[in-house]
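Before anything else, here's the structure in question.
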Amino acid sequence: MRVLVIEDEKKALGFIRKGLTEAGYVVEAAESASAGLTLSANSEFDLIVLDVMLPDGNGMDVARQLRNEGFKGFILMLTALDSTRDKVRGLDSGADDYLSKPFEFDELLARIRALLRRKEGGRTRLGYEDLQMDLIQRRVNRCGQDITLTQKEFSLLEYFLRNANRPLTRTEIGENVWDVHFDNESNVIDVYVRHLRKKIDEPFPTRLLHTVTGYGYVLKRAHQ
Amino acid sequence: MISLRRRGIRSRLALLYAGIFAVGLSIFCAALFHHFQRTQIQAFDTTLYNFAVDISTNLEMDFVGRLFVVNQNVAEAGKLFPFHLGGSFLEIRDSRGRVLLHSRSLKERNLPLDRQVLDRVHKEKAIFQNITTAQLGVNSTSNDLRLLTYWAHHSDWREPLILQIAVPLDLPNQERRDLLLFFAIGIPICLVFAAMAGLWMSKLALSPVHAMTLNAREISGVDNLKTRIQVPEAVDEIRELAETFNGLLERLDNAFTSQERFISNASHQLKTPLTILQGELELLRRKYANEPELNEGLTSVADEIKRLIHLVQDLLLLARLEAGRDTITFERVPLDDVLMKVVARLQKLAKLKNVQIRTQLKADQPGSELDVEVSGDEELIDSMFENFIENAVKYAPADSQVDLQMRSSPSGVEVRVRDYGRGISKDLEAQVFERFKRGVPSDVIPGSGLGLSIAAEIARLHNVKIDLKSEGQGLGTTVTLRFPPILPV
């Protein structure tokens, strides 16, 4: 994995490089926007870690230029600004993820892993029986009928589809979909499953989402 | 006066205009009426005088002083009587005032002739007086009579005579009444028109101000602060207002820009060294993970850095909040997502004390548990939740729970955070939202004391009602956040 770090603060650059190298990435570094653009034009990178404030330009402009030049890898933006507006601007300019300073190094590594996993995951469509999910356009349909889901409902269904036929515990669902370890008295998962059922099961003749008493839920064919 | 003041500038201007118009019109009408009355009475007197002269020319006197009316019917001589003869009275006296003869209509009465008039009449020839029928004791068509005492003398008469004619004033009175009636009807109509014209004129005069208001209303939010109000070409008060307003906008814009620049610079300058410190420390801790003494020191430093980071973030957030409501972008935010993100972040902290965070989604109407969208800034709401929940976790005793409940109802979303900690004493309850106010020294429970004041400010900006209730000493605290319902667009 080749990673390019564009960051003008020498010391920040130093520890990011050190940490990423330790984690097993091949790291190149650039201290300015122009140096970064030159490097990325001359060799291939899987990921660019990009600081928003650079001495010779704005990180968002760099991201835009990288995309214009056909850069296909991931861009992770680092910034000291953390209002929603700044994040939206960053993502709109072509970044794939956004991390605000100061950050914990573990989080940076986790985000990079998540980005690279996206690439490895590779599948853009998921399906089970007559239920289809398009991960790019974020659309779901069953029997050719479009179903509108909220973001979280979509994530939950995606998790069920990726683990079809396998009973999933509440703990698994909570940790994978919400990143939260729900205890027994929380009803968040149940509420979501109920809403998801209303949308993907109730209007159709066969049910796909089933309760596994005392365990959790499973996505499977009705009579099995 | 107070009610007039409340009435708004347009109606006030119109009223003022109508008032001025009413005063002017009244003075004018009064003057007109006075002038009319004078000329009318003059014309009447002239006619009466001519009548007297006509009558006197038709009188003849023989040498012993007997009188003859030469032509009984004066009208036949080409003269028209200008007065209603039935109600007129005629009396002829000699030069010493003795009555010689009078018209039948007077019956036994005489027209009044006092000493003073008798003395003056031979010099002045004609004296006009107003008398009433009541004074005379006879009836006529009008109660008011005009009396002319005329000194008649012909060269062929033996002595001069005094001719007295009294005629009713019904025609002039009628004319005056007509004029007054005309005024009584005309003036209010004019005033209504004037008030309407005043209203219209004030509307016309204020229309540029109204246009400017509409213009200014469009300028809201930071992104719009660069726009300016159109300055009219004519140099007048409206232009002055527009220029003043634009100057104000300019200053506001500058203030916002410099505020934003400050926050952005401060963020960069404060956060970069902290990022480096934190990053380097983490790498060091990994490297020396199996040297307990060094690791302990590094962990302590890392904790302090985390505290510093928290404080810097709080201060920057506070600076952003100070800039006010206009700097916040309101969007639809799914509250349960935000709540879960905060829970995910705080799990680690809770785990350290073995505190369970229990989350319940509820709804007044079954099936609407997920209708929890509100209008707001996700970042800020996130921060508000974090502050309250982090607080609850911090103050919760070890091995206890923190209960979170999100309830959706038609009147808005309600988020409840309940801990089973020490609770808040009554006297502290009112102060918890003050800056740097803490219930417990920070070496017992870490924190800057800014958290709740930030949360309160965010709540204020989002019209969220905070209800803080201690369940009693040692029984914990319940914080209820009530979000207003989202308005249909």
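Bear in mind that the values here come from a model prediction, so they are computed numbers and not experimental data. Protein chains get the first letters and strands the later ones, always in sequence-line order, with residue 1 at the start of each.
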* Euclidean distance, K271(B) NZ relative to L78(A) CG, rounded to 0.5 Å ->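 Atom-to-atom, L78(A):CG and K271(B):NZ are 12.5 Å apart.
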* Closest heavy-atom contact between R286(B) and F105(A)? ->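 Nearest pair, atom of R286(B) first, then F105(A): NH2-CD2, 4.1 Å.
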* Examine whether an atom of E185(A) lies under 4.5 Å from a heavy atom of chain B, and if so say whether it belongs to the side chain, the backbone or both; otherwise answer neither. =>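 Looking at E185(A), backbone and side chain both touch chain B.
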* Proximal component of K306(B), with respect to chain A [non-hydrogen, under 4.5 Å] -> side chain
* Enclosure of K11(A) NZ (heavy-atom neighbours >12, cutoff 6.0 Å) ->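 Count not over threshold, so no.
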* First locate atom CG of D183(A), then atom CD of Q356(B), and finally report the distance between them rounded to the nearest 0.5 Å. => 4.5 Å
* Asked: For D337(B), which residues count as a side-chain hydrogen bond (donor to acceptor under 3.5 Å, both in side chains) partner, sequence neighbours excluded?
  ->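 Per chain and number, D337(B) pairs via side-chain hydrogen bond (donor to acceptor under 3.5 Å, both in side chains) with no residue.
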* **Closest approach of S186(A) to I357(B) (non-hydrogen atoms, all atoms of both residues)** => OG-O, 4.0 Å
* Decide side-chain contact (heavy atoms from CB on, under 4.5 Å) for F15(A) and T275(B); before the verdict, give the C-alpha distance in whole Å, the side-chain angles of both, and the deciding distance to 0.1 Å. => CA-CA 10 Å; F15(A) 87 78; T275(B) 311; 4.1 Å; yes
* Counting only heavy atoms closer than 4.5 Å, note whether Q347(B) contacts chain A via side chain, backbone, both or neither. =>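 Side chain only.
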* **Ion pair check, E369(B) and R194(A), cut-off under 4.0 Å** =>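 Salt bridge: yes.
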* Taking it one step at a time, do E280(B) and K18(A) satisfy salt bridge (Lys or Arg N to Asp or Glu O under 4.0 Å)? -> CA-CA 9 Å; E280(B) 294 283 6; K18(A) 219 178 335 171; 3.4 Å; yes
* Asked: Is any residue of residues 151-159 of chain A within less than 4.5 Å of chain B by heavy atoms, and which ones?
  ->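 Expected list: K152(A), E153(A).
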* Asked: What pairs with Y288(B) under side-chain hydrogen bond (donor to acceptor under 3.5 Å, both in side chains), at least two apart in sequence or on another chain?
  ->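 Not a single residue meets the side-chain hydrogen bond (donor to acceptor under 3.5 Å, both in side chains) criterion with Y288(B).
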* Asked: Heavy atoms under 4.5 Å from chain B: which residues of residues 171-179 of chain A carry them?
  ->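 Near chain B, by residue number: W178(A), D179(A).
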* Asked: Got L370(B) and V191(A) here, is their nearest side-chain heavy-atom distance under 4.5 Å?
  ->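 Sidechains of V191(A) and L370(B): in contact.
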* Asked: How far apart are the closest heavy atoms of E282(B) and D106(A), and which atoms are they?
  ->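 Where E282(B) meets D106(A) most closely, the heavy atoms are OE2-N, 3.3 Å.
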* H181(A) versus chain B, the contacting section by heavy-atom distance below 4.5 Å -> both
* Asked: How many angstroms lie between atom CD of E22(A) and atom CG of L283(B), to the nearest 0.5 angstrom?
  -> 5.5 Å
* Asked: For N184(A), does the CG atom have more than 12 heavy-atom neighbours from other residues, nucleotides or ligands under 6.0 Å away?
  ->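 Not more than 12 within 6.0 Å, no.
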* To do: Please name the pair of heavy atoms, one in Y192(A) and one in L361(B), separated by the smallest distance, quoted to 0.1 Å.
  =>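 Smallest heavy-atom distance, with atoms named: CE1-CD1, 4.3 Å.
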* To do: Might you point out which heavy atoms bring T359(B) and F182(A) nearest each other, and give the distance in Å?
  =>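 Smallest interatomic distance, heavy atoms only, reads OG1-CE2, 4.3 Å.
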* Asked: Roughly how far, to the nearest 0.5 Å, is CG of D8(A) from OG1 of T272(B)?
  -> 8.0 Å
* Asked: With a 4.5 angstrom heavy-atom cut-off, which part of D336(B) approaches chain A: side chain, backbone, both or neither?
  ->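 Side chain only.
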* Measure the CD-NZ distance between Q313(B) and K101(A) for me, rounded to the nearest 0.5 Å. =>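 Here the rounded value is 13.5 Å.
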